[in-house]
Amino acid sequence: MTVIVNPAGPPAAPPAETTRATLRRNFWRGVWRVLRRKPSRMAGVVIVALFALMGVAGPLLYPAQLPRDDNALYAPPSLAHPFGTDFEGTDVLALVITGARYVLLTGLATAVITVALGTAIGLFAGFHRGRWDTVLMRLTDMNLAIPGLPLLLVLSTVWKFESPLEMGLVLGVLGWGGIARAVRSQTLSLRERGFIEAARGLGLPTRHIIGRELLPSMAPYIAMNMLIAVTGAVYAQVGLFFLGVLPFESNNWGVMLNLAVFNGGALTTPAALPYLMAPLIAILLLTLGIVLIVDAMDEIFNPRLREE
């Protein structure tokens, strides 16, 4: 019997970069399959993408000072004005589009700060436990005990919140406590699993264990909380502007609701109803799009569910 020996030896293992690129391609293919499985999920992606486009390109399509028509106060919906005009003769659709940037940037900044702080503190406290866990959890309890609305009332007297990033910073710093508590609980559970014990036994550094072992296991929860934090920030800022707590330094949906109710008489004047309904519909659609995407998160990050 003739034995053929391969002089080149066994085939070389694929480089790490190629392996990571393949994993990324497979992941995004899985995401596409999950989204296509339910038309409602694709509808959610389209809705959120349209709002993102409004936030990015909307203010570029209109001048800084929107034109007014004194002869078309509270004009009914038409082809020229799909949602009619407001009490100053300004196109309501233009107000919704130009006001989306402030709302979306505030929501995004709030979500990033909330999730980043909550995840970092929860992971560190749950993984190290001991004295660090005690100190960080007491700070978390203090954060949860801070009354957000009274604090914002005080801050609004000295801080104009002209930038959405300023608003997002305050809302994010006030809102990370709940995520920190939840992430800590999951970390305490995962750190006793076999794959974490194996990583410790191999002498892998803490940074690797947290970044490569713990974080991927909590990715679905973190991603869903980030999307939910966007909706919470939208409600918070719109509510504050509607109540008149914050100064009207820029156009956004909360300012529109305030002016429609208190200046435009939308609750008593039927002609002003489109001015009131337009921002409400925008908030409803944005929330619906985020909820539909959240519905797909668990299946996206769970390979078993993707294969079913």
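What you are looking at is a predicted structure, and each value in this text was computed from that prediction instead of being measured.
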Given side chain to side chain contact (heavy atoms under 4.5 Å, CB included), test Met218 with Leu123 step by step and report yes or no.
CA-CA 10 Å; Met218 289 187 286; Leu123 277 171; 3.0 Å; yes

Under 3.5 Å, side-chain donor or acceptor atoms of residues 233-245 against the rest of the protein: list the pairs with distances, not counting sequence neighbours.
residue: Tyr235; atom: OH; partner: Thr287; partner atom: OG1; Å: 2.8
residue: Gln237; atom: NE2; partner: Val103; partner atom: O; Å: 2.9

Can you see which heavy atom on Thr106 is nearest to which on Pro164, and at what distance?
OG1-CB, 3.2 Å

Supply the atom-to-atom distance Asn143 CG to Leu136 CG, rounded to the nearest 0.5 angstrom.
12.0 Å

Hey, are the side chains of Leu292 and Arg41 touching, using non-hydrogen atoms and a 4.5 Å cut-off?
no

pair Leu169-Glu166: side-chain heavy atoms closer than 4.5 Å:
no

Would you compute the distance between atom CZ of Arg184 and atom CE of Met137 and round it to the nearest 0.5 angstrom?
5.5 Å

Within the side chain of Trp176, is there an N or O that forms a donor-acceptor pair under 3.5 Å with the backbone of Ile113?
no

Do Leu73 and Thr85 make a side-chain contact, defined as non-hydrogen atoms from C-beta onward lying under 4.5 Å apart?
no

With no hydrogens and no angle check, is any side-chain donor or acceptor of Asn225 less than 3.5 Å from a backbone partner on Tyr221?
yes

Taking Ser185's backbone N and O only, do any of them form a donor-acceptor pair with Ser189's side chain (distance below 3.5 Å, no angle check)?
no

Should the ring pair Phe87 and Tyr74 be called parallel, tilted or perpendicular, given that the plane angle runs from 0 to 90° and is split at 30 and 60?
tilted

Might you point out which heavy atoms bring Leu215 and Thr119 nearest each other, and give the distance in Å?
CD2-CG2, 4.0 Å

Assigning hydrophobic clusters by single linkage (Ile, Leu, Val, Met, Phe, Trp, Tyr; side-chain heavy-atom cutoff under 4.5 Å), is Met224 placed with Leu117?
no

Shortest non-hydrogen contact from Pro82 toward Leu79
CD-O, 4.1 Å

Any heavy-atom pair between the side chains of His81 and Leu93 that's under 4.5 Å?
no

Distance-only, no hydrogens or angles: does the Arg101 side chain make a donor-acceptor pair with backbone N or O of Val56 under 3.5 Å?
yes

Nearest 0.5 angstrom please: Thr114 OG1 to Ile228 CD1, how far?
12.0 Å

Which atoms form the tightest heavy-atom contact between Pro270 and Pro274, and what is the distance?
O-CD, 4.0 Å

For the atom pair CG (Leu284) and CE (Met277), what is the distance rounded to the nearest 0.5 Å?
8.5 Å

Checking side chain to side chain contact (heavy atoms under 4.5 Å, CB included) against Leu227, which of Ile290, Val291, Val115, Val48 comes through?
Ile290

When you group the ILVMFWY residues by side-chain heavy-atom contacts below 4.5 Å and let the links chain together, are Leu174 and Ile121 in the same group?
no

Does the pair Arg68/Asp86 count as a salt bridge with the N-to-O cut at 4.0 Å?
no

Greater than 12 external heavy atoms within 6.0 Å of Arg138's CZ
yes

Where do Val96 and Met256 land on the side chain to side chain contact (heavy atoms under 4.5 Å, CB included) test, with the steps shown first?
CA-CA 8 Å; Val96 171; Met256 291 180 64; 3.8 Å; yes

Has the side chain of Trp132 got a donor or acceptor atom that lies under 3.5 Å from a matching backbone atom of Arg129?
no

With Tyr275, the side chain to side chain contact (heavy atoms under 4.5 Å, CB included) member among Val261, Asn263, Leu257, Val92
Val92

Is Met167 close to Leu105 at the side-chain level, that is, under 4.5 Å between some pair of heavy atoms?
no

Are Leu165 and Val173 connected in a single hydrophobic cluster, I mean Ile/Leu/Val/Met/Phe/Trp/Tyr linked by side-chain heavy atoms less than 4.5 Å apart?
no

Transitively linked via ILVMFWY side-chain contacts under 4.5 Å: Leu276 with Ile97?
yes

In this structure, would Leu285 and Tyr102 fall into the same cluster of hydrophobic residues linked by side-chain contacts under 4.5 Å?
yes

Looking at Gly168 and Thr110, what are the two nearest heavy atoms and their distance?
CA-OG1, 3.2 Å

Any Phe83 side-chain heavy atom under 4.5 Å of Pro77 side chain:
no

Here the gap from Glu88 atom CD to Leu95 atom CG, rounded to the nearest 0.5 Å, amounts to 9.0 Å

Can you tell me how far CG of Leu139 sits from CG of Leu144, rounded to the nearest 0.5 angstrom?
11.0 Å

Do Leu66 and Thr98 come close enough that some side-chain heavy atom pair is under 4.5 Å?
yes

Give a yes or no on whether the backbone of Gly177 and the side-chain of Thr140 come within a donor-acceptor separation of less than 3.5 Å.
no

